[in-house]
Amino acid sequence: MRGRWGAGLALVFAAGLGAAEESRPRVALDEPVFDFGTVDRGARVDHTFRVPNRGGATLRIDHVKSSCGCTVAVLSEREVPPGGEARVAVSLDTARLAGRTTKTVNVYTNDPDAPVVGLSLAGQVVADLIVTPQPLYLGHLRRGETVRREVIVTSGRPGERYVAERVEPTSPHLHARLEPRTDGLPPQVTFGVTRGGAAPERELYIRNRGQRPVTVTSVTVPDGVVTYTLAAVQEGQEYRLTLRLRDGLKPGKVESKVEIFTDHPEEKHLVIPLYAIVRDGRRG
């Protein structure tokens, strides 16, 4: 008799859990990230995400919020019955973007396990020129205080070279001068399209423009993707970082980062995105 009661209690408990799960909404995204590939800056990227309700109760979408002003999201409906789906049409304006880009739209729902779900557009935006940082933030300043910031302008197309001829401030309170860039640090390290059997290299130069000596204390790279060597060209003033893509990488996209740590009080941690496309080593 004791065994029967135990089995009965166990059956009731399991049934109760099943009913609880069936009586609530459940978001199950099939495609949380859409890769739009490579586009020229200024192109508009459009994609419609599906937001299905795999639960047993109505899914309510409270609102949709974009991560920046360059994305616009339109929701098809706010209440989704069990077995139905909502659609979120997202448009991305790439006019102010360059390089590897990921923009996310957040969807707020009444699913207790997924109150916020992200829908992302990711891809490469190709531009003639890349300006970093953009926008330039000067921080909180006191009256009379002077600050100095650097904006780096580089070519955004492999193999193309451009020359900046002049810089014109738009305010009498700003002073700017144009200098050639000599540190060799690009906004990203791009190996381009490479075959699986090849192992191209890229060199970065870290140069000290100040009077105080600077030491590169460590470098972190994705071990499964690249190897590196660090050499002091001139101790305290210039370092050469050589990155080599590993042999035999599987075909596909490589997206990672290189981290450089120094003892400079304002530049202790430098992060450089790393990007490559690996093709099959066999040529058709």
Side-chain angles (χ1 to χ4, degrees), residues 29-47 49 66-68 70-71 90-106 116-134 152 154-160 183-206 218-230 241-261 269-281:
L29 296 177
D30 297 324
E31 184 194 32
V33 179
F34 172 69
D35 190 336
F36 59 80
T38 300
V39 300
D40 284 335
R41 182 163 61 183
R44 195 181 79 170
V45 177
D46 296 307
H47 183 71
F49 291 91
S66 302
S67 60
C68 72
C70 59
T71 53
V90 181
S91 295
L92 172 64
D93 182 4
T94 65
R96 295 181 176 273
L97 304 177
R100 191 65 190 169
T101 297
T102 301
K103 298 299 179 183
T104 302
V105 171
N106 289 324
V116 183
V117 292
L119 307 174
S120 299
L121 296 175
Q124 185 81 5
V125 179
V126 179
D128 292 332
L129 296 177
I130 297 177
V131 180
T132 308
Q134 186 179 358
I152 299 172
T154 57
S155 172
R157 297 182 185 274
E160 296 289 341
D183 61 11
L185 285 177
Q188 67 177 8
V189 179
T190 302
F191 285 92
V193 179
T194 181
R195 298 286 170 178
E201 290 185 351
R202 293 292 184 269
E203 288 187 342
L204 308 182
Y205 287 86
I206 304 106
S218 65
V219 176
T220 301
V221 300
D223 290 334
V225 177
V226 297
T227 61
Y228 80 92
T229 56
L230 179 68
L241 177 63
T242 303
L243 301 170
R244 184 177 187 271
L245 208 61
R246 286 190 179 274
D247 296 321
L249 291 177
K250 294 182 179 179
K253 290 186 178 181
V254 175
E255 296 178 81
S256 191
K257 63 183 177 180
V258 176
E259 298 179 87
I260 303 171
F261 298 87
H269 185 198
L270 307 174
V271 180
I272 305 173
L274 183 148
Y275 180 70
I277 298 177
V278 180
R279 300 298 190 198
D280 193 299

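Owing to the predicted nature of the structure, the values given are computational and were not obtained by experimental measurement.
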Please lay out, stage by stage, how Thr227 and Arg246 fare under the test side-chain contact (heavy atoms from CB on, under 4.5 Å).
-> CA-CA 7 Å; Thr227 61; Arg246 286 190 179 274; 3.4 Å; yes

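Residues Val254 and Val226 have side chains not in contact (no heavy-atom distance under 4.5 Å, counting atoms from C-beta outward). Using a 4.5 Å cut-off on side-chain heavy atoms (C-beta onward), Thr242 and Arg244 make no contact. Put simply, the side chain of Lys103 reaches to within 4.5 Å of the side chain of Cys68, judged on heavy atoms. Side-chain contact check for Leu92 versus Leu97: some heavy-atom pair is nearer than 4.5 Å. A 4.5 Å side-chain heavy-atom check between Thr101 and Thr94 finds every atom pair outside the cut-off. In this structure, Val90 and Phe34 have side chains that are not in contact, with every pair of non-hydrogen atoms separated by 4.5 Å or more. By the 4.5 Å heavy-atom criterion applied to side chains, Phe49 and Leu29 are not counted as neighbours.
In this structure, CG on Leu274 lies 12.0 Å from NZ on Lys257, to the nearest 0.5 angstrom. Note that CD1 of Ile206 and CD1 of Ile260 are 4.0 Å apart. Values are rounded to the nearest 0.5 Å.
Across all their heavy atoms, Phe36 and Leu121 have their closest contact at CE2-C, 4.0 Å. Smallest separation of non-hydrogen atoms from Tyr228 and Leu241: CD1-CD1, 3.5 Å. Between Ser91 and Asp46, the shortest heavy-atom distance links the atoms OG-OD1, 2.6 Å.
Side chain of Thr104 to main chain of Leu119: no donor-acceptor pair is present (N/O by atom type, distance under 3.5 Å, no hydrogens or angles). The closest donor-acceptor contact from the side chain of Ser66 to the backbone of Thr71 lies under 3.5 Å. Side chain of Ser120 to backbone of Val33: no donor-acceptor contact under 3.5 angstrom is found. A donor-acceptor pair under 3.5 Å is absent between the side-chain atoms of Arg202 and the main chain of Leu245, judged by distance alone.
Lys253 NZ: more than 12 foreign heavy atoms inside a 6.0 Å radius.
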